[in-house]
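This report refers to the structure that appears directly beneath it.
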Amino acid sequence: DAKTTQPNSMESNEEEPVHLPCNHSTISGTDYIHWYRQLPSQGPEYVIHGLTSNVNNRMASLAIAEDRKSSTLILHRATLRDAAVYYCILNRYGNKLVFGAGTILRVKS
Amino acid sequence: NAGVTQTPKFQVLKTGQSMTLQCAQDMNHEYMSWYRQDPGMGLRLIHYSVGAGITDQGEVPNGYNVSRSTTEDFPLRLLSAAPSQTSVYFCASSLNRDPYEQYFGPGTRLTVT
């Protein structure tokens with residue numbers, strides 16, 4: 001699977017939007033972009049996934065660059081409950097996931 | 001709908017002991033997998049199964065055995081525990097036709113002394 005690069009950590013204020021970047025310059029045409037998050041002492045939780053077009057769901061939005069070499073997870077209004085490690089993962093099928101270190105998101109009240 | 005359940009939540013073993021970590025799901029998911037997470041690191045895939053009777057190795061399978069006799073259950077066996085297997089273990093499941101949303105269990109924290 002192609003490699004992703006994410007910032008080690010980010011900080012946000014509560015109720016403000018958060019943009020979490022992910023670079024994946026070696027992405028292949030069949031790789032989906034997946035985002036999972038892991039709250040403290042819990043298992044990972046699916047957030048969103050996409051292939052080429054931008055995607056929205058109840059949790060977040062995923063903005064994918066036209067060349068697919070980068071993407072951004074957007075949390076529209078951060079809450080304290082969104083403080084977690086966010087993982088950007090490339091995978092063709094979505095099941096055999098390879099997790100990197102992710103981005104630690106801190107939310108300030 | 002309980003989702004993915006794992007037992008026990010915590011376990012301490014001595015080196016050389018064996019044990020089985022239990023994982024069950026009630027969503028009729030064909031695909032199930034086991035990951036381990038070491039401190040400060042991402043998850044690594046141990047074994048996976050695409051359906052009852054079918055299992056395969058992931059990235060770090062050594063020291064672990066699995067079997068899948070039913071759709072609901074996917075136990076992970078440690079044959080002879082070693083300190084290097086101290087970790088948090090997560091089980092996950094999904095539909096084969098929609099593998100993009102994996103459901104994870106709450107984890108089992110295992111310490112091997």
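Just so it is clear: chains get the letters A, B, ... in the order the sequence lines come, proteins before strands, and each one is counted from 1.
- Listed here is the closest heavy atom pair of B:F90 and A:Q38: CZ-NE2, 3.5 Å.
- Under a hydrophobic clustering in which Ile, Leu, Val, Met, Phe, Trp and Tyr are joined whenever their side-chain heavy atoms come within less than 4.5 Å, directly or via other members, A:Y36 and B:L43 fall into the same cluster.
- With a 6.0 Å radius and a threshold of 12 heavy atoms from other residues, nucleotides or ligands, A:R77 has its CZ atom at or below the threshold.
- With a 4.5 Å cut-off on non-hydrogen atoms, B:Q6 does not touch chain A at all.
- Taking the six-membered ring for Trp and the full ring otherwise, the centers of B:Y100 and A:Y32 sit less than 6.0 Å from each other.
- Note that CD of A:E45 is 9.5 Å distant from CD of B:E101, once rounded to the nearest 0.5 Å.
- B:Y48 and B:V60 are members of different hydrophobic clusters when ILVMFWY side chains are connected at heavy-atom separations under 4.5 Å.
- Within a 6.0 Å radius of CG in A:N8, other residues, nucleotides and ligands contribute 12 heavy atoms or fewer.
- A donor-acceptor pair under 3.5 Å is absent between the side-chain atoms of B:Y103 and the main chain of A:Y46, judged by distance alone.
- Summarising the local packing, CZ of B:R109 is surrounded by 12 or fewer heavy atoms from other residues, nucleotides or ligands at distances under 6.0 Å.
- Using a 4.5 Å heavy-atom cutoff, the side chains of A:L97 and B:Y35 are in contact.
- B:Y89 and B:M41 are members of different hydrophobic clusters when ILVMFWY side chains are connected at heavy-atom separations under 4.5 Å.
- Nearest approach of B:Y31 to A:K96, heavy atoms of both residues: OH-CG, 3.6 Å.
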